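Predicted model, so just to flag it, every value in this text is computed and none were measured.
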Amino acid sequence: MMLAIYLAAPEVENDRRALNTFYGIRRAQKEGRLMGTASYGYINKCTEDGRKYVALKEPEASNMLWAFNEIAKGQYATNQIRLKMNAMEGSKISRTSFYRAIKNPIYYGKIFVKAYKDEGACLVEALHESLISESLFNKVQMVLNGKTLAERPKGKIIAANEFPLRCFLKCPRCGGHISGSGSRGKKNVYYYYHCNSKCGYRHSSSKVNLAFENELLKYEYHDGINKLLKEVILTNFKYIQKNIDLQKKEISEQIVNLNNRLDSAREKYLQDRLDFDDYQIIKNESKQKIDNLEMALQNQKLSSKNTDIKVKLEQVLDILPNLSQLYIKGDNYTKSSILCSILAEKLEFQETAFRTPKLNSALAQIVLISNQLQSKKKEKPLLKVIFTDK
């Protein structure tokens, strides 16, 4: 009997230690401490007195910030963004780890504590520095769950060579999604863009592809007018930048006011001058507004970060005169990038040609200015074009 108890003692001791470890980790998580190996973009560190903590790690943190913002746009497939991020400076991340990371609330300063016995699952405020706002995190989750509205062509699938316009076409009959497939004949395989079988819309992919290449020719122009285009666009850019700076200032002031309101409510609550329920309402409303404003401010900063407008404008103006050739000679990723960049909505192909496509505002203005500059009218064309900051 004593021997049996002696032999069982190590197992009991191991179970006790495991249980203590479990409760210790759970308690630490509730206190907001990130346990285990830090996620991508963070690093485990230790202070001089031996206290462990988690800090942001560069350039991985900036890479993840870029990835979250790119996913939120919904233009490309998540794995394509991961591959592009892996080509940047810093360590690479696997597909599985990346998918786990972009769903992890630690990036907006929260830690998920699993349910246990009578305690339900919950999110707690973390002690480590957040990388993104909660609103950006939620927007990314909506994109991942497919709950965003299709505002413009996404190009999330890099299609086969025969179907570069896949994801960029809309059925002119029913407005449905156009797909592409091959049909094997006696000797060859014939490729078609088509709607669903109920609609019956179908056209040869080679015919549609050639028609779009001809469509691109309409946006080309002689590069001799680049100098004038550059002057007009830079003038308008200064106007836009001034508005952006004013918006950033207004957003910053609103954030300060909301934080002051939150601090005041906290002081009143601690002094028993405000009920807990009222304090919670003010706290939740203020934090939601602050998150939304911080996301707006972050987007404003990203739009102006590392922006050398003159260099980028020269790059664009070098490309536009030869846009069709760049598209024709480009690989599938290049074609998809061009389509995402120039289109504001999906294309509709009729029997022999496309309906006039809706271009993004910047290219539409450049084309307009180009047409005015090339006009053969004797009157000097009016070039007062004001860009929007959308």
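- Salt bridge absent: Arg82 and Glu70 never bring a charged side-chain N and a carboxylate O closer than 4.0 Å.
- Taking every heavy atom of both residues into account, Val189 and Gly182 meet most closely at CG1-CA, 4.0 Å.
- No path of Ile, Leu, Val, Met, Phe, Trp and Tyr side chains, each step under 4.5 Å between heavy atoms, connects Tyr279 with Ile290, placing them in separate hydrophobic clusters.
- Not a single donor-acceptor pair under 3.5 Å links the side chain of Ser336 to the backbone N or O of Asn332.
- Between Leu274 and Ile282 the shortest side-chain heavy-atom distance falls below 4.5 Å.
- Counting only distance, with no hydrogens or angles, the side chain of Ser97 and the backbone of Ile93 share no donor-acceptor pair below 3.5 Å.
- The shortest non-hydrogen separation linking Ile111 to Leu34 is CD1-N, 3.7 Å.
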Requested in this report: I would like to know whether Gln350 and Arg355 meet side chain to side chain contact (heavy atoms under 4.5 Å, CB included); could you show each step before the answer?
Outcome: CA-CA 7 Å; Gln350 300 291 355; Arg355 285 186 181 179; 2.6 Å; yes
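- Closest approach of Met85 and Tyr40 over heavy atoms only: CE-CE2, 3.9 Å.
- Applying the ring pair (Phe, Tyr, Trp, His ring centres under 6.0 Å) test to pairs two or more places apart or on separate chains, those with a residue in residues 117-143 are Tyr42-His128, Tyr108-Phe137.
- Proximity of a side-chain donor or acceptor of Asn259 to a complementary backbone N or O of Ile255 within less than 3.5 Å is detected.
- Each of Ile132 and Leu127 belongs to its own hydrophobic cluster when Ile, Leu, Val, Met, Phe, Trp and Tyr are linked at side-chain heavy-atom distances under 4.5 angstrom.
- When all heavy atoms are compared, the tightest approach of Leu343 to Pro357 is CD2-CB, 4.3 Å.
- For the residue pair Asn86 and Ser91, the shortest heavy atom distance occurs at OD1-O, 4.5 Å.
- Contact of the Lys45 side chain with the Val54 side chain is not registered, since no non-hydrogen atoms from C-beta on lie closer than 4.5 Å.
- Of the possible polar contacts, one joining the Lys335 side chain to the Gly330 backbone as a donor-acceptor pair under 3.5 Å is found.
- Between Leu123 and Val113, every side-chain heavy-atom pair lies at or beyond the 4.5 Å cut-off.
- At distances below 3.5 Å, not a single donor-acceptor pair connects side-chain atoms of Asn44 with backbone N or O atoms of Tyr53.
- A distance below 6.0 Å separates the ring centres of Tyr327 and Phe212.
- Residues Ile251 and Leu262 are members of separate hydrophobic clusters, defined by side-chain heavy-atom contacts under 4.5 angstrom among Ile, Leu, Val, Met, Phe, Trp and Tyr.
- Connection of Ile81 to Leu131 is established within a shared hydrophobic cluster, with ILVMFWY side chains joined at heavy-atom distances below 4.5 Å, either directly or through further cluster members.
- A side-chain donor-acceptor contact under 3.5 Å links Tyr193 to the backbone of Leu165.
- To the nearest 0.5 Å, the span separating SG on Cys195 from CD1 on Ile178 amounts to 4.5 Å.
- The line from OG of Ser130 to CG of Leu56 is 8.0 Å long, rounded to the nearest 0.5 Å.
- Heavy atoms of other residues, nucleotides or ligands lying less than 6.0 angstrom from CZ of Arg266 number more than 12.
- Between the CG atom in Asp278 and the CZ atom in Phe276 there is a gap of 11.0 Å [rounded to 0.5 Å].
- No single ILVMFWY cluster, assembled from side-chain heavy atoms under 4.5 Å apart, contains both Leu83 and Leu144.
- Taken to the nearest 0.5 Å, the CD atom of Glu215 stands 8.0 Å off from the CG atom of Leu347.
- Two residues are said to be in side-chain contact when any heavy atoms from C-beta on lie closer than 4.5 Å; Tyr201 and Pro172 meet this criterion.
- Of all non-hydrogen atoms in Glu89 and Asn63, the two that sit nearest each other are O-ND2, 2.8 Å.
- A heavy-atom distance below 4.5 Å is found between the side chains of Asn79 and Arg95.
- More than 12 heavy atoms of other residues, nucleotides or ligands lie within 6.0 Å of NZ in Lys110, so this atom counts as buried by the packing criterion.
- Remark: the His194 side chain and the Ser179 side chain contain no N/O donor-acceptor pair separated by less than 3.5 Å.
- Side chain of Asn196 to backbone of Lys198: a donor-acceptor contact under 3.5 angstrom is found.
- At least one side-chain heavy atom of Met64 sits under 4.5 Å from a side-chain heavy atom of Phe98.
- Using modelled atom types, one side-chain atom of Lys207 and one backbone atom of Glu351 make a donor-acceptor pair closer than 3.5 Å.
- Atom CG of residue Asn214 and atom OG1 of residue Thr352 lie 11.0 Å apart, to the nearest 0.5 angstrom.
- Side-chain contact check for Arg273 versus Tyr269: every heavy-atom pair is 4.5 Å or farther apart.
- Side-chain contact, Asn138 with Ser135: no donor N or O sits under 3.5 Å from an acceptor N or O.
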Query raised in the report: Can you list the steps and then say if Ser181 with Tyr191 is a side chain to side chain contact (heavy atoms under 4.5 Å, CB included)?
Result: CA-CA 6 Å; Ser181 62; Tyr191 298 96; over 6 Å; no
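- Panel note: side chain Gln254, backbone Leu258; no donor-acceptor pair is recorded below 3.5 Å.
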Report task. Step by step, work out the side chain to side chain contact (heavy atoms under 4.5 Å, CB included) result for Tyr107 and Ser39. Result -> CA-CA 9 Å; Tyr107 288 99; Ser39 299; 3.6 Å; yes
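- Considering SG of Cys171 and NZ of Lys346, their distance stands at 11.0 Å, rounded to 0.5 Å.
- The number of heavy-atom neighbours closer than 6.0 Å to CD of Glu129, taken from other residues, nucleotides and ligands shown, is 12 or below.
- Between His203 and Phe349, the ring-plane angle classifies as perpendicular under the 30° and 60° cut-offs.
- Residues Leu216 and Glu213 are not in side-chain contact: their nearest non-hydrogen atoms beyond the backbone lie 4.5 Å or more apart.
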Query - side chain to side chain contact (heavy atoms under 4.5 Å, CB included) evaluation trace for Ser205 with Tyr190 - result: CA-CA 9 Å; Ser205 65; Tyr190 301 93; over 6 Å; no
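- Under a 3.5 Å cut-off, the side chain of Asn145 and the backbone N or O of Gln141 do form a donor-acceptor pair.
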